[in-house]
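Remember, predicted model here, so these are calculated numbers, not experimental data. FYI, side chains are in, hydrogens and waters are out, and symmetry mates aren't considered; it's all heavy atoms of this structure.
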Amino acid sequence: MGHGHGHGHGAGADDRRRLGVALGITALVLVVGAVGAVLTGSLALLADLGHVGTDVVALGTALAASALAARPPSRRRTFGLGRAEVLGAALNAVLLLGVTVWVAIEAVERLASPTEVPGGALLVYGLVGLVGNVVALAVLQRGSGGMNVRGAALHVLGDALGSVAVLAAAVVTLTTGWAYADTLASLVIVAILLPRTVALLRETGHVLLEGAPAGIDVDDVHTALLDVEGVAEVHDLHVWAINDRSPAVSAHLVISDEGCATADCGEHGVLDRATTLLRERFGLEHSTLQIEGVEHSDHEQACEPPVVIAERVRGLGAG
């Protein structure tokens with residue numbers, strides 16, 4: 001059996017620092033937004049606040065996952081704690097879905113009886129939220145660009161879009177006095193959040209159900225392994241992911257020296273070529289490949305000295 005091990009350790013120390021800064025900024029925006037929602041009674045601000053709250057959870061999860069990913073596997077958790085990030089993302093998606101549904105129901109009720117919202121205060125709190133989101137987004141975009149950081153940045157970008165919707169409602173309220181501006185803005189935020197939430201739930205569910213990682217076609221992996229010199233058949237091929245950064249593969253290979261042009265078509269040579277292919281072509285750093293059986297060509301047997309063949313016959317007869 002051959003093993004190729006490589007574990008994605010997530011963001012480094014710099015990424016953890018950037019995630020911490022973004023988390024602090026977002027938490028501050030959350031506090032300011034909460035005060036604004038209470039004082040103004042704005043549903044749009046409350047909707048954006050729900051998004052900010054879930055983003056605090058998302059950033060905290062990303063930060064914790066980055067730290068946990070650096071911890072080595074143990075005898076009890078042989079893959080480490082990479083799945084903690086997936087579970088945290090699933091929890092975040094469920095919370096975000098709950099907030100989105102609640103805001104949508106509240107907005108529909110306000111269509112029947114609109115609530116007066118002070119446009120000036122809404123404008124101030126919307127500006128504070130937008131500035132905080134832009135700063136946090138800039139901090140994250142200067143990181144390594146790993147999936148963990150990019151996922152956190154995507155949440156902050158959603159916050160920024162929500163703040164823009166709040167500002168638009170404030171401007172419309174101040175200039176026209178239209179009572180439905182805040183409610184409409186909250187529905188826009190719901191429209192932004194809902195597809196992202198469903199996509200996040202689908203992604204986490206796919207990982208937890210051991211689905212193939214995005215961007216890796218299992219048929220392509222199967223074909224590539226068959227093209228490795230010395231490989232005759234591929235069985236029990238599985239491709240999955242511990243989290244969105246740690247894909248893994250396992251397979252049984254039947255090897256044969258038929259048509260093998262290299263000097264080494266034995267188990268070790270084939271395993272070395274197969275693991276290198278999986279790593280360099282598909283990014284599958286963690287691979288477990290097992291030799292299921294070895295087939296010898298008739299040519300090899302015909303070229304063996306008669307004494308060797310005789311010894312094999314005697315061995316079979318003795319058995």
- Item | Counterpart residues, salt bridge (Lys or Arg N to Asp or Glu O under 4.0 Å), relative to E109 (two or more places apart) |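 So E109 forms no salt bridge (Lys or Arg N to Asp or Glu O under 4.0 Å) with any residue.
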- Cluster partners of L187, using ILVMFWY side-chain heavy atoms under 4.5 angstrom, listed by chain and number?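 Members alongside L187: none; it stands by itself.
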Using a 4.5 Å cut-off on heavy atoms from C-beta on, say whether the side chain of [Y] contacts that of [X].
X    : Y    : answer
L225 : L278 : yes
V254 : I291 : no
T288 : V249 : no
V21  : V135 : no
V156 : L59  : yes

- Item | Those residues that, when tested against D236, pass side-chain hydrogen bond (donor to acceptor under 3.5 Å, both in side chains) (two or more places apart) |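 Here the qualifying residues are H252.
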Mind listing the closest non-hydrogen atom pair of [X] and [Y] along with its distance?
X    : Y    : result
P213 : W240 : CG-O, 3.4 Å
L289 : A274 : CD1-CB, 3.5 Å
A251 : V234 : CB-CG1, 4.3 Å
V172 : A181 : CG1-CB, 3.6 Å
A107 : T183 : O-CG2, 3.3 Å
V218 : A212 : CG2-CB, 3.8 Å

- Please answer whether the main-chain N or O of T173 pairs with a side-chain N or O of T176 as donor and acceptor at a distance below 3.5 Å.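 A pair under 3.5 Å: no.
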- Message: Any side-chain to backbone donor/acceptor pair from H286 onto P247? Under 3.5 Å, distance only.
- Response: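 Checked: no pair found.
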Atom pair [atom1] ([X]) and [atom2] ([Y]), whose distance is rounded to the nearest 0.5 Å:
X    : Y    : atom1 : atom2 : answer
L30  : I25  : CG    : CD1   : 13.5 Å
R202 : T197 : CZ    : OG1   : 11.5 Å
T275 : E285 : OG1   : CD    : 10.5 Å
E233 : I255 : CD    : CD1   : 12.0 Å
L28  : L23  : CG    : CG    : 11.5 Å
Q141 : R18  : CD    : CZ    : 11.0 Å

- Task: Before giving the answer on side-chain contact (heavy atoms from CB on, under 4.5 Å), spell out for L87 and T61 the whole-Å C-alpha distance, their side-chain angles and the decisive distance to 0.1 Å.
- Result: CA-CA 9 Å; L87 292 173; T61 300; over 6 Å; no
What about [X] and [Y], same hydrophobic cluster or not, with Ile/Leu/Val/Met/Phe/Trp/Tyr joined at side-chain heavy-atom distances under 4.5 Å?
X    : Y    : value
L277 : V221 : yes
L167 : V190 : no
F282 : V228 : yes
L97  : W102 : no
L127 : V32  : no

